[in-house]
Amino acid sequence: MSEGVAGQPYPDGFGEGETPVPHPLLGPVLGFLGRWQGRGQGGYPTLDGDFAYAQEVSFGHDGRPFLRYEARAWLLDADGAPLRPAARESGWWRLQDGGRVEALITQPTGITEILTGRAEDGVVDLATRTVALTPTAKEVTATRRRYTLADADADADADQGTHGDTFTFVHDLAAVGQPLQHHLSATLRRAAGQSTRPASSWNSSVQ
């Protein structure tokens, strides 16, 4: 007779003051922990004009030296109202010594990216090392992603991270025969009810 499972014994933490305690290697990216919401603009030569979108992003951890990343976006009409679902992706940021980052990001459109880069002074800069495509996915050959905490220059601390309430995201894309170039940019803010230091008790190609 099998026994039931009472519940998840190791929930993710979304802030420095929450359980579990963040792994020391997460120091350079502690400022990104939490849930974020915002808006952005995008465009690409193969698309019919620029577009506006909204996005939710979350970064969590379970005490080990990697972040769980999830993002979803939806297109907005000219009045800012939701138009239709757009990009979704999820993955992991694996932190290494010296602020080195290895990232894995998967999209339901059949694209998986493996990226490498660095996290320092409130900035995470990642570029693709490998792109894997399913047989029916659109051609993507390279990307670059840059995440910047808004107050990185003022509050950066190599050991304790940067604790801003806003971050910007810029995504460059090489796809369907086009060279690497700007695709997306967005500004996201912490979701309501979250602080930069919680009391003890998270795009992407829009397609």
Side-chain angles (χ1 to χ4, degrees), residues 3-38 54-74 85-108 111-120 122-126 145-152 155-169 171 186-205:
E3 296 182 2
V5 177
Q8 168 58 263
Y10 304 109
D12 284 351
F14 291 92
E16 294 176 64
E18 298 179 0
T19 301
V21 175
H23 191 282
L25 285 177
L26 295 183
V29 297
L30 288 180
F32 290 96
L33 285 173
R35 298 178 177 87
W36 305 79
Q37 300 171 334
Q55 190 171 40
E56 291 183 346
V57 175
S58 68
F59 295 97
H61 74 99
D62 65 1
R64 291 179 287 177
F66 46 79
L67 294 188
R68 180 175 62 86
Y69 162 77
E70 291 191 27
R72 64 187 303 174
W74 53 97
R88 297 191 69 167
E89 58 184 31
S90 62
W92 308 93
W93 290 7
R94 293 163 39 85
L95 274 294
Q96 312 293 317
D97 289 332
R100 292 179 293 112
V101 184
E102 300 172 351
L104 302 86
I105 298 176
T106 300
Q107 302 167 20
I111 302 166
T112 295
E113 302 174 36
I114 296 177
L115 309 97
T116 57
R118 295 189 60 81
E120 56 186 353
V123 178
V124 178
D125 197 344
L126 302 171
R145 298 161 179 260
R146 185 176 175 89
Y147 306 77
T148 304
L149 288 162
D151 59 355
D155 296 336
D157 184 308
D159 296 324
Q160 299 300 323
T162 304
H163 310 280
D165 283 321
T166 303
F167 82 78
T168 58
F169 169 63
H171 184 187
T187 298
L188 294 96
R189 295 176 175 82
R190 289 189 188 276
Q194 293 191 86
S195 67
T196 58
R197 295 176 181 270
S200 180
S201 51
W202 238 215
N203 161 292
S204 90
S205 176

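Keep in mind it's a predicted model, so treat the numbers as computed, not measured.
The two residues G13 and P20 come nearest to each other via the heavy atoms N-CD, 3.8 Å. Of all non-hydrogen atoms in A119 and P28, the two that sit nearest each other are O-CB, 3.5 Å. Here the shortest heavy-atom pairing between L33 and H61 reads CD2-CD2, 3.8 Å. Across all non-hydrogen atoms, the minimal contact from H23 to G63 is CB-O, 3.5 Å.
Atoms CD1 and CD1, from I105 and I111 in turn, are 11.5 Å apart once rounded to the nearest 0.5 Å. Separation of atoms CD1 (I114) and CG (L126) is listed at 12.5 Å; rounding is to 0.5 Å. Atom CD of Q107 sits about 12.5 Å away from atom CZ of R88, to the nearest 0.5 Å. Note that CG of L26 is 11.0 Å distant from CH2 of W93, once rounded to the nearest 0.5 Å. Atom-to-atom distance recorded for L115:CG and R145:CZ is 6.0 Å, nearest 0.5 angstrom. Considering CG of D165 and CZ of R190, their distance stands at 5.5 Å, rounded to 0.5 Å.
Residues passing the side chain to side chain contact (heavy atoms under 4.5 Å, CB included) test with T187 are T166, T168, R189, sequence neighbours excluded. R146 is linked by a side chain to side chain contact (heavy atoms under 4.5 Å, CB included) to V123, D125, R144, T148, counting only residues two or more places apart in sequence or in another chain. Shown here are the side chain to side chain contact (heavy atoms under 4.5 Å, CB included) partners of S90, two or more places apart in sequence or in another chain: E70. Under the rule for a side chain to side chain donor-acceptor pair (under 3.5 Å), the partners of R64 that lie at least two apart in sequence or sit in another chain are D62. Scanning for side chain to side chain contact (heavy atoms under 4.5 Å, CB included) contacts around R94 gives F66, Q96, E102, L104, with sequence neighbours left out.
With respect to W36, the ring pair (Phe, Tyr, Trp, His ring centres under 6.0 Å) criterion is satisfied by exactly one of F169, F14, F167: F167.
A donor-acceptor contact shorter than 3.5 Å is absent between the side chain of R100 and the backbone of T116.
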